[in-house]
Amino acid sequence: MKNYMTFREALSLGTAKEMEADPSVFVFGLDVPDHKRIFGSTRGLVEKFGPERCFGTPLSEDAMTGVALGAALSGLRPIHVHIRVDFMMLAMNQIVNMISNLRYMSGGKLTIPLVIRAVIGRGWGQSAQHSKSLQGMFAHIPGLKVVMPTTPQDAYSLLRTSIRDDNPVVFLEHRWLYDIEGEVDERLTVPLGKAVVRKKGDAVTVVCTSWMNVEAHKAAEVLAKRDVHIEIVDVRSVAPLDEEEIISSVKKTGRCIVADYDWSYCGFSAELASLVYNRCFGSLKQPVERLGFAHVPCPTTRPLENIYYPSAVNIIRTVEKMLGLEATDLSGESFYSYEHNFKGPF
Amino acid sequence: MKNYMTFREALSLGTAKEMEADPSVFVFGLDVPDHKRIFGSTRGLVEKFGPERCFGTPLSEDAMTGVALGAALSGLRPIHVHIRVDFMMLAMNQIVNMISNLRYMSGGKLTIPLVIRAVIGRGWGQSAQHSKSLQGMFAHIPGLKVVMPTTPQDAYSLLRTSIRDDNPVVFLEHRWLYDIEGEVDERLTVPLGKAVVRKKGDAVTVVCTSWMNVEAHKAAEVLAKRDVHIEIVDVRSVAPLDEEEIISSVKKTGRCIVADYDWSYCGFSAELASLVYNRCFGSLKQPVERLGFAHVPCPTTRPLENIYYPSAVNIIRTVEKMLGLEATDLSGESFYSYEHNFKGPF
Amino acid sequence: MKSDVLNKEEALAVYRKLILARLSEEKIQEEYFKDEMKTPVHLGIGGEAIPIGVCHSLPAKSKVFGTYRNHSLYLTMTEDTDGFFGELYGKATGPGKGKAGSMHLSAPEKGIMSTSAEVGTTNPDAFGAALANAYRKSNEIVTVFFGDGAVEEGVFWESLNFACFRQLRILFVCEDNDLAIHTATKDRQGFKSILEAVSGFRCHGGSAEGNDVQSVIKSTHQLLKKIVDDPKPAFLHASYYRFLEHVGPKEDFNAGYRKRPDPEEMDRFDPVIRFEKELCQNGCNANELDAIKKEMEAKIARSVAAAQLAPFPAPEELYKDVFK
Amino acid sequence: MKSDVLNKEEALAVYRKLILARLSEEKIQEEYFKDEMKTPVHLGIGGEAIPIGVCHSLPAKSKVFGTYRNHSLYLTMTEDTDGFFGELYGKATGPGKGKAGSMHLSAPEKGIMSTSAEVGTTNPDAFGAALANAYRKSNEIVTVFFGDGAVEEGVFWESLNFACFRQLRILFVCEDNDLAIHTATKDRQGFKSILEAVSGFRCHGGSAEGNDVQSVIKSTHQLLKKIVDDPKPAFLHASYYRFLEHVGPKEDFNAGYRKRPDPEEMDRFDPVIRFEKELCQNGCNANELDAIKKEMEAKIARSVAAAQLAPFPAPEELYKDVFK
Ligand SMILES: Cc1ncc(C[n+]2csc(CCOP(=O)(O)OP(=O)(O)O)c2C)c(N)n1
Ligand SMILES: Cc1ncc(C[n+]2csc(CCOP(=O)(O)OP(=O)(O)O)c2C)c(N)n1
Ligand SMILES: [Mg+2]
Ligand SMILES: [Mg+2]
């Protein structure tokens, strides 16, 4: 069954499917069952599965993460939702010292089938406390899987796979992706650990996480007018990483831009760059370019926020630089912008 | 005045000097004033400066970090000590969402002169919950400085500089370094952000953090017998990073091993490797090699712990591989090991 | 310490602050739909009496810490509508040069140290400031404002324990609107009342009607006196009614999680209406109040106009203010 | 539910567990200096009656969570000295194949789910298990053990709030030795007593003499009954005296932070001596106890010998057990 739907609908649908299939799956977290339903991504669940399987919590991220862990240890399959990834900083003790370790420390006796969903990225001037991504921070910790879907199909399929996975999965969803629409084949399974080439090209490989895929597509469209064709690889799974898909693309194009939706320094961007250099040693035509957040806290005001975040324009300019092309006039282009697509207050 | 002293003594001395010089400096944290004195590194302070300026706390890492921040905002210069870096996971909200941001969000009005000292690394079978390093995780966050001293001189001088710094500094000390002895010149100032070449060589540049310097020196000693001379660069400051010192060494040798005392994936090791590749593009004789913890939680039992942590042997083998040398017989060598240097229980 | 009975001059000064806060937020309601204030706004309409009453009672130069629902607190501490609207419009004239936005207003030079959008997070920071006072042998009292939801965060209890253990001079103010976003207290809390829950700790406790600025002043006054007489933390609990949605400029009575109060209830909940009534009963006339209202309206209008015209921060500002 | 009055058979079964725990830890004291047990050990000598008394009272298959001071808990739940010493020697025969060490003993198949060296950390995990019971409409009760220090961690209060709000069937057991490492409670806590501090929450409360296994059994029994009659969390507070240093096999009375109790006090503090006396007063003879002691000694000696001979985990084990 194929259906056209938004990313947020795909998330609700994927959750509902797993809740139907397995009575041990439940979803909880602050504001999960309220009328806003985490930007609509948990819509329909409390009606369908009742308040035992879809419920809110006190403001206690640390304890609630422990509760999720304890429930998972007891054979349930919790999905714990955070409306902002920033709040997970309160739960780092459980995540880094318990969830990631407990199976190992028990010699493999304990199993932790747990999904932590968290919203990342921009909203309406979300400031330094409601705007992080942190995939690199989570992926740095052995024992965690880290997933970043970009399309409605992946939101649906990767969420289902993550729920079925017997291990802890951090599932990061960009705030702006919720509105993206696309076809979703309900039978399609996507395994964790598989990257995908989203657009074929020969000029430069642009390796993207999350929202950067959207920016890269826009960049591709603009560049195509000059007959420059970039190849876009959507990482999808930050840990485990699909090295082969990425490397085979870079081997083909000989050039690589890492467009990671996070701070670059000591992040996933560094890992990707280092990997590409290592595996393509001697065959790269140019150094890898890394695009990411400016290395400062996220500012609230729009003009600074616009240059804080990497964008299609940065990709275009970087491609031009790598290929020795002149900077094209972008004044006629319309890029994704809040002004047309996204309103406040949150 | 030069004195021969241990790393732990250098830390107490540096703290005492700053406390003498500036009445707004104080040191606090769990167990700071008890008879063990954080492995001896706060010895003499409570006697000299009294319980107002050297005190213990409840077990409340999150709040105590906030208390440190609030005191710093009020013009004091707190030094907050954690006997294990792992416990800082409880304070990540304050660190990542407040301490690193507050100056920025206040448009530069708030100043946060704060040092967070934390012990990293191995002890006596410390397991997955008392053995992390996490320099990459902290350095990933804009607004934090991250320092890792290796010698008594640096412990002394970098701690003093960190206390005088008007910004938040995470200061990471390896448990085993406390026993290291060396000369300390009390007048010597070391600025943050400066790496140093510890040993000159021409074969391979080994860029080291913290304890890896000790391992690299042992490796250098062994390799020197075969007339292979490695150059050892001690990073010292993970953020800000001294790119030039590192790059100029690699440009000279043409080969680089990154020996970071942490997990490699998405960590500082990735950043260093990516940097070296980028700045030495086309001039590296071989791919950068990265040594770090095995990408698993830290096991307790000695035989697994010994292969979990990177060592002099790994450095030797990697150098041999890079230079196309046969693996030398190491059976006659005595490497640093717990058995001879370090006893339990902690 | 100030008296807890307001003379006319003081009463009008308090009124002035109430009306400044109220009209400023009503101005936001008016302007927000234009999408020029590109920052989430957590309006405090209905709750103004708490920060205003408490801060009125505090000695000059007291330090306060707060939450993202900070407009009244910022305005009562600073009266700086220029900076306020500058920040809301993301302009270089804001106290955070636009980097802060609505949720992080601060003016340390005026005593409002920091406000945070991570619930509960400024609690321990305030205790650090109180510790700094103790360190310097100062008797100043630090105040921290937080919502009923913040009480569920572990850091609240850690902070409470620390403050009570160290017997710091600190005033906790719980601004209780019985809601965390859309969830009622009864669906979140495992204790009968917050005052009862903290009663096992070594601190003073008291409550106030949060929609009655005089009640807030009275209770604050009593607690401050207790801190002076017997130095240890004091906990003030004040209930109020949140008129608008959690975040954003609108009402949301049709959302389903609560019903619209009837008009008389509304009036009773409204600290401005309530205080106006009392003022009029106690010798102020409507003209006096009107004049203040007009003055505040004009002040706000000037600040909004200035903010709209003010420049955005220059691009190089992105990289400034990270480190000193 | 078991009775809270022990018949002889039960009493001897409890004694057996007490003596197993005590002798196992004394064996550690004996062996540790050889540096073959390469793991920090937090010995529970003086505190054995708490986990043993509580677990004796629990229905079969109950789940428990604990701390790094977990030896008595592990042994009373499993009686598995082979695994225990295997783990302490870092051998493949330990329940964690040597990866866990002393601080993380667990045997989920026997109900001891996890124990943690991050203070306070297993509290919420236990509530997750209790939530799982509620989810499955099971009336089983989960138990969590923690020290007096853990109460200062925010997560304790978050967990308490959640458990009380959800009215989960859970037994909190505070093993109070008045110390966190070397710091006395009075130097850390801002409340009069922990029972008073939690009394504002919707839970049952009770206390026991932690050095008296019968007192522990009695109080546990009462609280379990309360949970059954009126399902909500129950909080058991039990004091005991820690005989040894915080971590490591030795005494540390010369460290300066506390003085050595006089010999009679010592005996009074000692749950084994105390219980032996009572057993002898109530119809057991010294021979019976001696026989149990001998049996346990032999069991321990066998396990230690086996552990010493057992293989270490193979190198490839390093990479196993991260993911399922
Ligand atoms: C640590 C943290 N968790 C969750 C949130 C999301 N959140 C924002 S406001 C809020 C409700 C807070 O309620 P309360 O403390 O009563 O303050 P109020 O909004 O009622 O003034 C929540 C859950 C957050 N900002 N920070
Ligand atoms: C989160 C955390 N903070 C600090 C420590 C260091 N530490 C280990 S044990 C301990 C004292 C704990 O006291 P308590 O909970 O009373 O347990 P006890 O050791 O007395 O059994 C401390 C502070 C830790 N392990 N974990
Ligand atoms: Mg509220
Ligand atoms: Mg204790």
Kindly say whether P58(A) contributes a backbone atom to a donor-acceptor pair with the side chain of E152(C) at under 3.5 angstrom?
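Not at all, since once roles are kept as given, no pair shorter than 3.5 Å links the two residues.
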Can you name the closest pair of heavy atoms from E153(C) and E61(A) and give their distance?
OE2-OE1, 2.7 Å
Heavy-atom closest pair (G125(A) atom, P40(C) atom, distance to 0.1 Å) is O-CD, 3.1 Å
What distance do [X] atom [atom1] and [Y] atom [atom2] have between them, rounded to the nearest 0.5 Å?
X       : Y       : atom1 : atom2 : value
L304(A) : K97(C)  : CG    : NZ    : 10.5 Å
I181(C) : K36(A)  : CD1   : NZ    : 9.0 Å
F312(C) : N306(A) : CZ    : CG    : 10.0 Å
T57(A)  : D187(C) : OG1   : CG    : 11.5 Å

Using a 4.5 angstrom heavy-atom cutoff, name the option from [options] with the most pairs to chain A.
options                            : answer
G190(C), A180(C), G154(C), S116(C) : S116(C)
G120(C), G101(C), P249(C), G256(C) : G101(C)
A100(C), A150(C), G248(C)          : A100(C)
K99(C), H182(C), R188(C), H42(C)   : H182(C)

Which residue pairs satisfy the ring-ring contact (aromatic ring centres under 6.0 Å, His included) criterion with at least one member in residues 44-65 of chain A, sequence neighbours excluded?
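Those involving residues 44-65 of chain A are F26(A)-F55(A), F28(A)-F55(A).
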Below 30° counts as parallel, above 60° as perpendicular, anything between as tilted: where do the rings of Y32(C) and W124(A) land?
perpendicular
By a 4.5 Å heavy-atom criterion (distance strictly below it), what part of [X] contacts chain A: side chain, backbone, both, or neither?
X       : value
S102(C) : neither
A255(C) : both
T183(C) : side chain

Can you tell me which portion of [X] sits under 4.5 Å from chain C's heavy atoms? Options are side chain, backbone, both or neither.
X      : answer
L90(A) : side chain
D34(A) : side chain
S60(A) : both

If we only count heavy atoms from C-beta on, is the E305(A) to K38(C) side-chain gap below 4.5 Å?
no
Counting heavy-atom pairs under 4.5 Å to chain C, which of V296(A), D31(A), L59(A) comes out on top?
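So the answer, after comparing V296(A), D31(A), L59(A), is L59(A).
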Which residues from residues 313-324 of chain C are near chain A, with near meaning under 4.5 Å between non-hydrogen atoms?
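The stretch touches chain A at P313(C), A314(C), P315(C), E317(C), L318(C), Y319(C), V322(C).
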